[in-house]
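Read through the structure below, which is laid out as structure tokens, and then see the notes.
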Amino acid sequence: MIYSKAGPVLIAINPFKDTQIYGRDVIASYRQKTAGSPHVYTIADTAYNEMMRDEVNQSIIISGESGAGKTETAKIAMQYLAALGGGSNAGIEHEILQTSCILEAFGNSKTSRNDNSSRFGKFIEIHFSTSGKICGAKIQTSVTIAASLMGCRAEDLMLALSTRKIVAGKDSISKKLTLQQANDTRDALAKFLYAGLFDWLVEQINKSLAVGKQCTGRSINLLDIYGFESFKKNSFEQFCINYANERLQQHFNRHLFKLEQEVLFSLLL
Ligand SMILES: Nc1ncnc2c1ncn2[C@@H]1O[C@H](COP(=O)(O)OP(=O)(O)OP(=O)(O)O)[C@@H](O)[C@H]1O
């Protein structure tokens with residue numbers, strides 16, 4: 001899980017799906033108009049206005065189970081912010097929006113719940129100038145997927161994948177792995193290499209989105225992680241994904257109860 005150093009947390013709702021987006025103001029607006037869901041534009045707008053008015057960084061956490069529409073919501077929020085903060089740095093807002101296509105091409109795959117399911121968590125910081133124009137962005141990801149280039153001899157690789165070296169004192173013994181163990185080692189290596197490739201890709205994107213000199217240090221951060229999953233056959237990947245979602249929910253519950261307490265105390269005083 002990636003937590004931002006930023007101030008208030010805003011969570012919004014995809015107008016077409018069941019994605020939840022919560023937030024300081026949203027929670028207040030929930031109380032006032034429970035009939036209506038907080039719209040993603042409202043959340044993005046509130047984040048932008050509060051960042052400009054109070055000079056405090058904002059975070060938008062997008063949560064929901066797999067297929068709920070988190071990634072699409074994140075893109076809608078980014079489009080809205082790009083429309084609000086476009087114009088200062090020729091085309092940077094356009095570049096930020098284009099990053100989704102590249103990351104999804106490498107980091108998404110089809111599951112039984114979602115044809116375009118994110119296999120990585122994305123945390124994007126959008127930086128603004130004093131006049132409120134977008135001047136740069138930075139992406140951080142956590143990958144659960146896998147593969148790429150190595151630079152070693154094929155025979156060495158085959159040996160490394162099919163045997164285990166046991167070192168006892170000065171002696172070392174090579175033990176052959178079973179077929180299942182060799183397959184697992186191969187898969188683990190592929191995952192490691194793919195993660196390396198994905199990290200490299202994100203690094204290149206970040207270089208091209210590098211924060212400009214006129215930035216104020218103010219940012220709006222968007223967190224879009226892989227949603228809760230439960231398949232017929234679940235693996236360690238689902239364990240990690242669901243654990244991350246549980247922690248996110250816990251974060252929200254704490255945040256919500258803290259706000260409820262504040263309201264209660266203000267009524268009592
Ligand atoms: N606002 C929307 N308008 C139209 N279709 C949408 C919208 N939001 C989501 N969808 C549809 O639902 C699908 C799943 O949405 P999305 O990939 O955003 O889900 P997710 O919550 O990010 O899932 P995961 O956790 O598996 O990555 C999209 O591919 C799209 O077909």
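Just follow the structure's listing: the first ligand is 1, and inside any ligand the first atom is 1.
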More than 12 foreign heavy atoms under 6.0 Å from CZ of Phe239: is that the case here?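 At most 12 heavy atoms, drawn from other residues, nucleotides or ligands, come within 6.0 Å of this atom.
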Would you say [X] has any N or O atom under 3.5 Å from an N or O of ligand 1, going by distance alone?
| X | value |
| --- | --- |
| Glu72 | yes |
| Thr73 | no |
| Lys70 | yes |
| Ile225 | no |

Which atom of Leu81 lies closest to which atom of Ile134, heavy atoms considered: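 Nearest heavy atoms, Leu81 then Ile134: O-CD1, 3.7 Å.
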Which heavy atom of Gly85 sits nearest to which heavy atom of Phe128, and what is that distance?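 Smallest heavy-atom distance, with atoms named: CA-CE2, 4.3 Å.
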If the threshold is 4.0 Å, N to carboxylate O, is there a salt bridge linking Lys75 and Glu104?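 Counted as a salt bridge, because a side-chain N and a carboxylate O are separated by less than 4.0 Å.
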Identify whether the distance between the nearest side-chain nitrogen and carboxylate oxygen of Lys133 and Glu93 falls below 4.0 Å.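 Looking at Lys133 and Glu93, the cut-off is not met.
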Between Phe120 and Phe198, ring centroids under 6.0 Å: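 Judged by ring-centre distance (under 6.0 Å), Phe120 and Phe198 do meet the cut-off.
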Taking a cutoff of less than 4.0 Å between a non-hydrogen atom of the residue and any ligand atom, is Gly64 in contact with ligand 1?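 Flag not set, Gly64 not near ligand 1.
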[X] neighbourhood, listing ligand 1 atoms whose heavy-atom distance to it stays under 4.0 Å:
| X | answer |
| --- | --- |
| Ser117 | 24 (P), 26 (O), 27 (O) |
| Ala68 | 19 (O), 21 (O) |
| Glu65 | 21 (O) |
| Asn116 | 17 (O) |
| Tyr226 | 25 (O) |

Is it true that a side-chain atom of Asn57 and a backbone atom of Ile220 form a donor plus acceptor pair closer than 3.5 Å?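 The answer is no, because no donor-acceptor pair under 3.5 Å joins these two groups.
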With a heavy-atom distance limit of 4.0 Å, tell me whether Thr71 approaches ligand 1 through its side chain, its backbone, both, or neither.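 Within the 4.0 Å criterion, Thr71 contacts ligand 1 through backbone and side-chain atoms alike.
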Run the numbers on Arg164 and Ser174 for side-chain contact (heavy atoms from CB on, under 4.5 Å), then give the verdict. CA-CA 6 Å; Arg164 177 179 295 143; Ser174 268; over 6 Å; no
